[in-house]
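Below is one structure; the comments refer to it alone.
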Protein chains: 2
Amino acid sequence: MGKREINRDEKRQLIVTTARHLMQLRDVSDFSMRTLAEVAGVSSATPYALFGSKQAVIAAVMDNDFADFMAALTAEPNRGFDVFFSLVDVTAALFEKNPSYYRTGAQAIQATTDQTLSSHFSLPRHGLLKDLVSDAIERGEICHQINPDSLALNLGHQFYGWIQAWAKGNITLPDMVARAQYGLGLGLAAVATEASRAQLLEQVVAIQATLPEAGVLKTKPTPNKKQEAVS
Amino acid sequence: MGKREINRDEKRQLIVTTARHLMQLRDVSDFSMRTLAEVAGVSSATPYALFGSKQAVIAAVMDNDFADFMAALTAEPNRGFDVFFSLVDVTAALFEKNPSYYRTGAQAIQATTDQTLSSHFSLPRHGLLKDLVSDAIERGEICHQINPDSLALNLGHQFYGWIQAWAKGNITLPDMVARAQYGLGLGLAAVATEASRAQLLEQVVAIQATLPEAGVLKTKPTPNKKQEAVS
DNA sequence: GGTCTAACTAAAACACGTTTTAGTTTTGTT
DNA sequence: AACAAAACTAAAACGTGTTTTAGTTAGACC
């Protein structure tokens with residue numbers, strides 16, 4: 001690797017680090033490319049040259065975190081269906097440590113129209129879920145007619161949606177956990193073999209008791225701040 | 001109602017009609033407030049005075065459609081769990097008639113941070129689902145421990161997510177139907193009473209066979225057109 | 001009829017993401 | 001050392017959504 005590539009990678013790293021830093025600043029949920037460039041001591045054209053878009057920068061920032069996530073997850077003992085539930089717990093624990101950071105990240109992923117970017121994110125996460133489902137099938141907890149790919153996609157989709165709801169500020173973090181686990185529990189109970197099903201449904205009903213009514217939205221004064229762009 | 005209010009309502013209607021018209025123009029998936037104002041023959045400040053934001057304008061446009069939706073839905077005979085599946089079919093049929101229109105609408109709903117707006121949409125739709133679930137419980141198709149509110153919220157959330165995936169161009173319309181029905185089928189199968197469960201699972205497995213692999217994304221060249229704003 | 005006021009207009013302005021242009025370094029190669 | 005190519009910079013520009021300002025119009029009320 002020539003010095004050319006080294007320098008470029010260093011600059012990429014600099015931008016990513018700066019972006020991460022800006023994303024972590026609370027009360028400044030959004031940072032502009034102009035300030036990013038300024039803080040990084042770089043021309044505002046450079047991030048575009050190196051990444052292509054603001055979303056790609058944020059994507060690069062969040063890329064480093066999947067490893068952390070996997071580590072945190074595999075640290076937990078995973079017996080039976082509990083892996084799926086702790087998947088949610090682990091995620092929420094991460095979010096709680098650094099809300100504005102993950103909020104910004106989630107929103108960026110969601111806002112992107114770039115398929116490369118979004119699949120860059122979803123694929124490894126989908127792979128993880130798919131493996132968990134496959135394991136459960138092998139253990140005989142999920143009936144074998146189920147295609148791991150399809151089920152994992154569905155579970156991941158639900159989870160992702162609740163994360164987005166949290167990122168948008170529509171639900172609180174505990175709510176996100178409850179709703180996601182409720183959804184995962186339902187999806188799993190549907191395909192669970194008879195032995196595991198009853199207990200799973202019990203869990204679901206228990207979670208259900210903690211869920212707030214729909215329509216009771218978080219009362220946020222909505223300070224009528226500048227609206228986001230639409231399209 | 002004095003002439004003042006009448007005029008204001010007429011102008012509101014004019015803007016909504018124009019906006020709907022612009023949203024329906026294919027190949028112009030996004031319209032700007034400037035062109036909206038120009039076409040409507042109105043100052044570009046007026047829509048902001050009357051609605052507050054672009055999203056609110058689009059929201060007002062889509063508001064007229066819930067009635068159509070309900071009509072299309074209740075036209076179908078609804079036996080058992082099929083209501084839920086035809087809910088998806090009816091929606092897809094509407095989308096097919098006017099893709100760019102619904103795409104723009106869905107994206108606007110999704111992009112809004114205004115809780116008033118988003119609940120303005122989700123609430124009536126949630127109410128519909130909740131009623132369907134309640135009916136199913138009364139008919140003894142869903143076990144009575146289930147809270148209609150929670151289940152309906154989960155089903156609606158899944159459906160909504162797949163609609164968004166379609167609106168973003170990540171999946172095709174038939175895919176959206178299959179994935180949404182797969183998800184609804186799962187959710188229902190989980191809580192179905194024994195009598196209905198077996199048949200529901202059969203349906204789910206049948207749908208599963210039609211689902212494409214995850215990760216096989218719609219190959220769209222991504223012409224690197226101007227990116228959307230992030231935050 | 002005269003005046004007050006809300007509604008509207010036109011136009012400029014702001015901040016943003018992004019692109020373009022033109023000039024300047026820095027690096028690899030001959 | 002000289003050159004070519006790539007990387008980077010600074011600054012302007014474009015098109016957004018949105019807000020502001022100042023001025024005009026039209027209904028309401030005495």
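Order of the sequence lines sets the chain letters (A, B, ...), proteins ahead of strands, with each chain counted from 1. Quick caveat, the model's predicted, so the values are computed rather than measured. Just so it is clear, the values below take in all heavy atoms, side chains as well, and ignore hydrogens, waters and symmetry mates.
Ranked by how close their nearest DNA chain D nucleotide is to the 5' end, B/T35 and A/G41 are led by A/G41.
Here C/dT25 presents its P atom at 22 Å from CZ of A/R8, a figure rounded to the nearest Å. Here C/dT20 presents its P atom at 13 Å from OH of A/Y48, a figure rounded to the nearest Å. Computed from coordinates, the A/K11 NZ to C/dT26 C1' distance equals 10 Å when rounded to whole Å. Atom CG of A/L36 and atom P of C/dC16 are 13 Å apart (whole Å).
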Using the side chain to side chain contact (heavy atoms under 4.5 Å, CB included) rule, take A/Y182 and A/T210 through it: C-alpha gap first, then chi angles, then the decisive distance, then the call. CA-CA 10 Å; A/Y182 184 76; A/T210 75; over 6 Å; no
Applying side chain to side chain contact (heavy atoms under 4.5 Å, CB included) to A/W166 and A/Y102, what does each step give before you reach the verdict? CA-CA 10 Å; A/W166 167 76; A/Y102 285 104; 4.2 Å; yes
Test A/L151 against A/K130 for side chain to side chain contact (heavy atoms under 4.5 Å, CB included), laying out the working first. CA-CA 8 Å; A/L151 181 60; A/K130 187 175 169 180; over 6 Å; no
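Side-chain N/O atoms of A/S43 and base N/O atoms of D/dA10 include a donor-acceptor pair closer than 3.5 Å.
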Can you name the atoms? Protein N/O to nucleotides 21-23 of chain D N/O, anything below 3.5 Å, with the distance.
none

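The structure places CE of A/M62 at 8.5 Å from CZ of A/R20, a figure rounded to the nearest 0.5 Å. Of the inter-residue distances, the one linking A/L94 atom CG with A/D89 atom CG reads 11.5 Å to the nearest 0.5 angstrom.
Listed nucleotides: D/dG27, C/dC8, D/dT18. Nearest to the side chain of B/M33: D/dT18. The B/L50 side chain lies nearest to C/dC8 when the options are D/dA7, C/dG17, C/dC8. Distances from the side chain of A/S32 to the nucleotides D/dC8, D/dT19, C/dG17 place C/dG17 closest.
A/S150 and B/L211 get closest at one heavy-atom pair: OG-CD1, 3.7 Å.
Contact between the side-chain N/O atoms of B/N7 and the OP1/OP2 oxygens of D/dA26 is not found at any separation under 4.0 Å.
As judged by a 4.0 angstrom heavy-atom cut-off over every strand, B/R34 is placed among the base-contacting residues.
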